[in-house]
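Data block below; observations after.
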Amino acid sequence: MSSDFKLDAVKGHDSEDPEVGSLNAVHTILPERRATILSDRLFRGSRAGHGETVSIPNEKRGHGSAKKSGPLLSGTAYCISSCSMILLNKVVLSSYNFNAGVSLMFYQNLISSVIVVLLGFSGAVTVEKLNWKLVRVWIPVNIIFIGMLVSGMYSLKYVNIAMVTILKNVTNILTAIGELYLFRKHQSQKVWTAMFLMIISAISSGITDISFDTLGYAWQISNCILTASYSLTLRRVMDEAKKYTRSGSLNEVSMVLLNNLLSLPFAAFLIIMFDEWEYIISVDVIKLPMFWVIATASGLLGLAISFTSMWFLHQTGPTTYSLVGSLNKIPISLAGLVLFKVPLSLPNLFSILFGLFAGIFFAKAKMS
């Protein structure tokens, strides 16, 4: 489903907030070398393994044209899938007034699990074989993952996309503080300056938000805390989890499967505990075919972001990817304001633009 997939700041162990509304957020903490190796394995193909004979001159000509169009195509695919997924989730939760966020998460995670399993069986991707020891190590991460997704769902329902984007910057600040105390990782003066600007933009945006919703902001603050906790916890658990895999490593696709598959029984429990199943049975919106089309499409796009992210990273590099990821927040925010006709004051608009600028400044500061 992150997710929130986005490979923001994959340089070293640096991390940035996952995509707004993304439901497959494991990619955010992948280090540069590991992410590049993974994308190589997934996108280079296996022609030699199948015994194909390739003409060297033709291959060079093909590679020449691919190098020119590859970054543009992969970047466009990533941006479109990212923007579309966020907007579709907003449509499901707000426009259709769907009040069962856990059930929507369950449905989208189920879609992702089925697709990854099928891709694994077909040999299109490499998936580690799951075992009880690996699952047991991963459960704490998965519980935080579920909380992150649920809080993200409900914040997106009550808060407009632009404000969610700005408030997500708080995640970066919490993550940096956590890295400082847990991993003794120090940030540069530029990074702390950028985070200070993020705090100012978040506070000013909240104060000037005409459509301010206390419940929505509470969900978003919870989401920021859980997202930062997820990123920090995942970094600790990954090294332990590798010990229980056959290959001695754990690639991103395997983490996607772990998170989505393990979330299903927990989500089913929450659906029963919160009586969402009664709401699902009685609500009229699930009788609309278009609702299911949009809900399914948003789930598919959530998974697509993982592959377009890796494709784009492979075609360009972590520096370009991180900057494009930050710039991509601008059209997402503007589209959310226009499409959902969000009531907006001039001070709030300036606060949002200031927050977007702070996010770009943060990305560039992390690169330096």
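Nothing fancy with the numbering, it's 1 onward along the sequence.
Lys341 meets the salt bridge (Lys or Arg N to Asp or Glu O under 4.0 Å) test with no other residue; sequence neighbours excluded. The side-chain hydrogen bond (donor to acceptor under 3.5 Å, both in side chains) test applied to Asp213 returns no partner, not counting sequence neighbours. For Pro343, the side-chain contact (heavy atoms from CB on, under 4.5 Å) test picks out Ile210, Ser211, with sequence neighbours left out. Scanning for side-chain hydrogen bond (donor to acceptor under 3.5 Å, both in side chains) contacts around Ser113 gives an empty result, with sequence neighbours left out. Take Phe361 and apply the side-chain contact (heavy atoms from CB on, under 4.5 Å) test, not counting sequence neighbours, and it matches Thr193, Ala194, Leu197. Judged as a side-chain hydrogen bond (donor to acceptor under 3.5 Å, both in side chains), and not counting sequence neighbours, Lys133 has no contacts. Take Asp275 and apply the side-chain contact (heavy atoms from CB on, under 4.5 Å) test, not counting sequence neighbours, and it matches Trp277, Glu278. Residues satisfying the side-chain hydrogen bond (donor to acceptor under 3.5 Å, both in side chains) criterion with Thr76, sequence neighbours excluded, are absent altogether. For Leu167, the side-chain contact (heavy atoms from CB on, under 4.5 Å) partners at least two apart in sequence or on another chain are Met163, Ala202, Tyr217, Gln220.
Grouped with Ile221 in one hydrophobic cluster are Val170, Leu174, Ile225, the linkage being side-chain heavy-atom contacts under 4.5 Å among Ile, Leu, Val, Met, Phe, Trp and Tyr residues. Applying the under-4.5 Å side-chain rule to Ile, Leu, Val, Met, Phe, Trp and Tyr, the cluster around Val338 consists of that residue alone.
Separation of atoms CG (Leu344) and OG1 (Thr208) is listed at 8.5 Å; rounding is to 0.5 Å. Once rounded to the nearest 0.5 Å, the distance linking OG of Ser254 with NZ of Lys129 reads 13.5 Å. Remark: Ile166 CD1 to Ser204 OG distance equals 9.0 Å, nearest 0.5 Å. Taking SG from Cys79 and CD1 from Ile305, the interatomic distance works out to 10.0 Å, rounded to the nearest 0.5 Å. The line from CG of Leu182 to CD1 of Ile177 is 11.5 Å long, rounded to the nearest 0.5 Å. To the nearest 0.5 angstrom, Asp209 atom CG is 7.0 Å from Ile352 atom CD1.
Although no hydrogens or angles enter the test, the distance criterion places no donor-acceptor pair under 3.5 Å between the side chain of Thr165 and the main chain of Ser333. Under a 3.5 Å cut-off, the side chain of Ser231 and the backbone N or O of Ala228 do not form any donor-acceptor pair. For the pair Lys157 (side chain) and Leu93 (backbone), a donor-acceptor distance under 3.5 Å is present. Using a distance-only test at 3.5 Å, with no hydrogens or angles considered, no donor-acceptor pair links the side chain of Asn259 to the main chain of Asn142. At distances below 3.5 Å, not a single donor-acceptor pair connects side-chain atoms of Ser95 with backbone N or O atoms of Val92. Side chain of Ser84 to backbone of Ser81: no donor-acceptor contact under 3.5 angstrom is found. Between the side chain of Ser94 and the backbone N or O of Val91 there is no donor-acceptor pair closer than 3.5 Å. Under the 3.5 Å distance criterion, the side-chain polar atoms of Asn251 are matched with a main-chain donor or acceptor of Thr126. Of the possible polar contacts, none joining the Asn169 side chain to the Gly359 backbone as a donor-acceptor pair under 3.5 Å is found. Of the possible donor and acceptor atoms, one in the side chain of Glu276 sits under 3.5 Å from a partner among the backbone N and O of Ser103.
The side-chain heavy atoms of Leu87 and Phe340, taken from C-beta on, include a pair separated by under 4.5 Å. In this structure the side chain of Val164 never reaches within 4.5 angstrom of the side chain of Ile86, judged on heavy atoms. In this structure the side chain of Ile139 reaches within 4.5 angstrom of the side chain of Phe266, judged on heavy atoms. Contact check for Met148 versus Asn223: side-chain heavy atoms found under the 4.5 Å cut-off. Using a 4.5 Å cut-off on side-chain heavy atoms (C-beta onward), Thr308 and Ile80 make no contact. Taking the side chain as every heavy atom from C-beta outward, Leu130 and Tyr244 never approach each other to under 4.5 Å. Within the 4.5 Å cutoff, the side chain of Val253 has no heavy atoms near those of the Leu257 side chain. Lys190 places none of its side-chain heavy atoms less than 4.5 Å from the side chain of Lys364.
Of all heavy-atom pairs spanning Val342 and Gly336, the tightest one is CG2-O, 3.8 Å. Across every non-hydrogen atom of Phe212 and Gly206, the tightest pair is CD1-O, 3.6 Å.
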After noting the C-alpha distance and the side-chain angles of Val137 and Lys243, does the key distance pass the side-chain contact (heavy atoms from CB on, under 4.5 Å) rule? CA-CA 10 Å; Val137 169; Lys243 300 175 183 177; over 6 Å; no
Please assess Ile332 against Ile161 for the test side-chain contact (heavy atoms from CB on, under 4.5 Å), listing each intermediate value before the final yes or no. CA-CA 8 Å; Ile332 292 173; Ile161 292 175; 3.6 Å; yes
For the pair Leu262 and Phe145, evaluate side-chain contact (heavy atoms from CB on, under 4.5 Å) and give the outcome as yes or no after the intermediate values. CA-CA 10 Å; Leu262 291 181; Phe145 174 75; over 6 Å; no
I would like to know whether Leu232 and Arg236 meet side-chain contact (heavy atoms from CB on, under 4.5 Å); could you show each step before the answer? CA-CA 7 Å; Leu232 296 169; Arg236 284 182 174 275; over 6 Å; no
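Ring geometry, Tyr96 versus Phe291: the interplanar angle exceeds 60°, so the pair is classed perpendicular (tilted spans 30 to 60°).
Remark: aromatic rings of Tyr107 and Trp292 are close, center separation under 6.0 Å.
Taken together through direct or relayed side-chain contacts under 4.5 Å among Ile, Leu, Val, Met, Phe, Trp and Tyr, Phe354 and Leu356 form parts of separate hydrophobic clusters. In terms of hydrophobic clustering, with Ile, Leu, Val, Met, Phe, Trp and Tyr side chains grouped at heavy-atom distances under 4.5 Å, Ile115 and Leu88 are assigned to a common cluster. Clustering ILVMFWY residues whenever any of their side-chain heavy atoms sit less than 4.5 angstrom apart, transitively, puts Ile271 in the very cluster that holds Val285. The hydrophobic cluster containing Val293 also contains Phe106, counting ILVMFWY residues as joined when their side-chain heavy atoms lie under 4.5 angstrom apart, directly or transitively. Side-chain heavy atoms closer than 4.5 Å link hydrophobic residues (I, L, V, M, F, W, Y) into clusters, and following such links, even through other members, never connects Phe357 to Ile203.
Side-chain contact check for Ser263 and Asn109: at least one donor-acceptor pair (N or O, by modelled atom type) lies under 3.5 Å. Defined by atom type and a distance below 3.5 Å, a donor-acceptor pair is missing between the side-chain atoms of Asn348 and Ser351. If you check the side chains of Asn160 and Lys90, you find no donor sitting under 3.5 Å from an acceptor.
Environment of CE in Met290: sparse, with no more than 12 heavy atoms of neighbouring residues, nucleotides or ligands closer than 6.0 Å.
Only one option out of Asn89, Asn260, Thr296 pairs with Gln108 in a side-chain hydrogen bond (donor to acceptor under 3.5 Å, both in side chains); it is Asn89.
For residues 146-184, the pairs satisfying ring-ring contact (aromatic ring centres under 6.0 Å, His included) are Tyr154-Trp219, with sequence neighbours left out.
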